[in-house]
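Fair warning: this is a prediction, and the values are worked out from it, not measured in the lab. Whatever order the structure lists ligands and atoms in, that order sets their numbers, starting from 1.
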Amino acid sequence: MAEPEVERLGLIGIGLIGSSIARVARARGLARHIAVQTRTPDTLARAETLELGDSYSTDPAEAARDSDLVIICVPVGAYEGVAKAIGPALKPGAIVSDVGSVKGSVVQQVVPHLPEGVDFVPAHPVAGTEHSGPEAGFAELFDNRWCIVTPPNGTEAEAIARTIGFWRGCGSEVEVMTPEHHDLVLAITSHVPHLIAYNIVGTAAHLEQVTESEVMKFSAGGFRDFTRIAASDPTMWRDVFLHNREAVLEMLGRFTEDLTALQRQIRYGEGDRLYELFTRTRAIRRGIIEAGQEIDAPDFGRRPPPPKSGG
Ligand code: NAP
């Protein structure tokens, strides 16, 4: 096996994403030593049983100490506390990265707490599932999925290159953009769709004329797909909305305008306009399949294990 990309990898948080990184790093020899940290003894014991690392601690500073690459894998609302805890323990030349679904806010939370000579190279693997915890991860999660790297101005080129190299080693395709642009793109491709799913499942739960058992019994493809998305981790998603407020509100404003237009078209029987939109959206779906980001299999909800995707 080739020399590892990283001597010592520190993982702060060992849920779905952290444990997937641990698994792929181990499977592909990306790190010689994996230092695992998580906040609770219970999760730490589960990570140890799964043999995800070489050393284990509930103290973030211990995982960060002597690590060449430290990856923060906790909900984005917890970053500032983590950055304060790891800052004094980081060695000169270390790289701090992360996996958070929001990027502008994490730069603001982390950068002020890093010592001189340590670069923050934020990353967002656009890959995930609706499951959480160390048992939910798997080594192939990042294969052929995009990882968006969003270095703040002034980041050392070598630190960016090494972070990109690590994510390519995990199987990802990498794209570089600014944190602000990332947050706008993800607001429409991921954050608003999740909000719509949470809302529609919530609306169905509040209906008085339709019983809950009818909703479950007759959940056709459309609703069922929303329930999968709306089963995503509540803490993670609360933090995403609170930390990408501006971009989400901007995209929600546009969404609301378009929804009102659709409402009018239905009210006034403007079938041609509905048909035209539905034709355009079908082409977008075809584009996603052609880009290899989804498979073109009919989904009746009863197939064997679904493709693991999301993010
Ligand atoms: P997860 O499975 O729920 O694991 C969360 C990890 O963070 C656990 O180790 C947990 O520790 C720790 N944690 C939770 N709250 C914390 C707090 N307040 N302070 C310190 N540590 C805390 O979550 P995940 O799905 O891996 O998500 C982690 C990050 O990846 C998030 O920033 C998310 O935005 C991003 N992300 C998620 C997905 C996805 O589909 N899930 C995709 C791409 C990116 P304990 O268990 O010990 O409490």
Task: Atom CD of E214 with >12 non-hydrogen neighbours under 6.0 angstrom - done: yes
Open item on the list: Between ligand 1 and A127, is the shortest N or O to N or O distance under 3.5 Å?
Closed with: no
Open item on the list: I'd like to check whether T40 has a polar contact with ligand 1, where a contact means an N/O of the residue lying under 3.5 Å from an N/O of the ligand.
Closed with: yes
Task: Subset of ligand 1 atoms that lie under 4.0 Å from at least one heavy atom of A78 - done: 17 (C), 18 (N), 19 (N)
- [ ] Please determine if T38 has a nitrogen or oxygen closer than 3.5 Å to a nitrogen or oxygen of ligand 1.
- [x] yes
Open item on the list: Show the atoms of ligand 1 that are less than 4.0 angstrom away from any heavy atom in T129.
Closed with: 40 (O), 41 (N)
- [ ] Return yes if some donor-acceptor pair links the side-chain N/O of S20 with the main-chain N/O of F138 below 3.5 Å, else return no.
- [x] yes
- [ ] Using distance alone, with no hydrogens and no angle criterion, decide if T150 and H124 have a side-chain donor and acceptor under 3.5 Å apart.
- [x] no
Open item on the list: List ligand 1 atoms under 4.0 Å from P125, heavy atoms only on the residue side.
Closed with: 43 (C)
TODO: Would you mind listing which atoms of ligand 1 come within a distance below 4.0 Å of any non-hydrogen atom of V76?
DONE: 32 (O)
Open item on the list: For R46, is there an ion pair with E135 - N to carboxylate O distance below 4.0 angstrom?
Closed with: yes
Task: Summary of salt bridge (charged side-chain N to carboxylate O under 4.0 Å, His left out) pairs that have at least one residue in residues 6-23, sequence neighbours excluded - done: E7-R32
Open item on the list: Please report the interatomic distance NZ(K103) to CG(L184), rounded to the nearest 0.5 Å.
Closed with: 15.5 Å
Task: Which of the ligand 1 atoms, numbered from 1, are nearer than 4.0 Å to a heavy atom of G100 - done: 32 (O)
- [ ] Looking only at distances, please establish whether an N/O atom of ligand 1 is found under 3.5 Å from an N/O atom of V82.
- [x] no
Task: Set of ring pair (Phe, Tyr, Trp, His ring centres under 6.0 Å) partners for F120, sequence neighbours left out - done: none
TODO: Output yes when the distance from some N or O of ligand 1 to some N or O of G133 is under 3.5 Å, and no in every other case.
DONE: yes
Task: Enclosure of E80 CD (heavy-atom neighbours >12, cutoff 6.0 Å) - done: yes
TODO: Give the numbers and elements of all ligand 1 atoms closer than 4.0 Å to a heavy atom of G13.
DONE: 9 (O)
Open item on the list: Below the 3.5 angstrom mark, is there an N/O of I17, backbone or side chain, next to an N/O of ligand 1?
Closed with: yes
Open item on the list: Less than 3.5 Å apart, any donor N or O on the side chain of S132 or D233 sitting next to an acceptor on the other?
Closed with: yes
TODO: For V99, counting its heavy atoms only, list the atoms of ligand 1 lying under 4.0 Å from any of them.
DONE: 29 (C), 30 (O), 35 (C), 36 (N), 44 (C)
- [ ] Taking only heavy atoms of C73 into account, list the atoms of ligand 1 that are under 4.0 Å away from them.
- [x] 6 (C), 7 (O), 28 (C)
Open item on the list: Are the side chains of I21 and L9 in contact, using a 4.5 Å heavy-atom criterion?
Closed with: yes
Task: Min N/O separation Y79 to ligand 1 under 3.5 Å - done: no
TODO: Check if H124 has a non-hydrogen atom at a distance under 4.0 Å from any atom of ligand 1.
DONE: yes
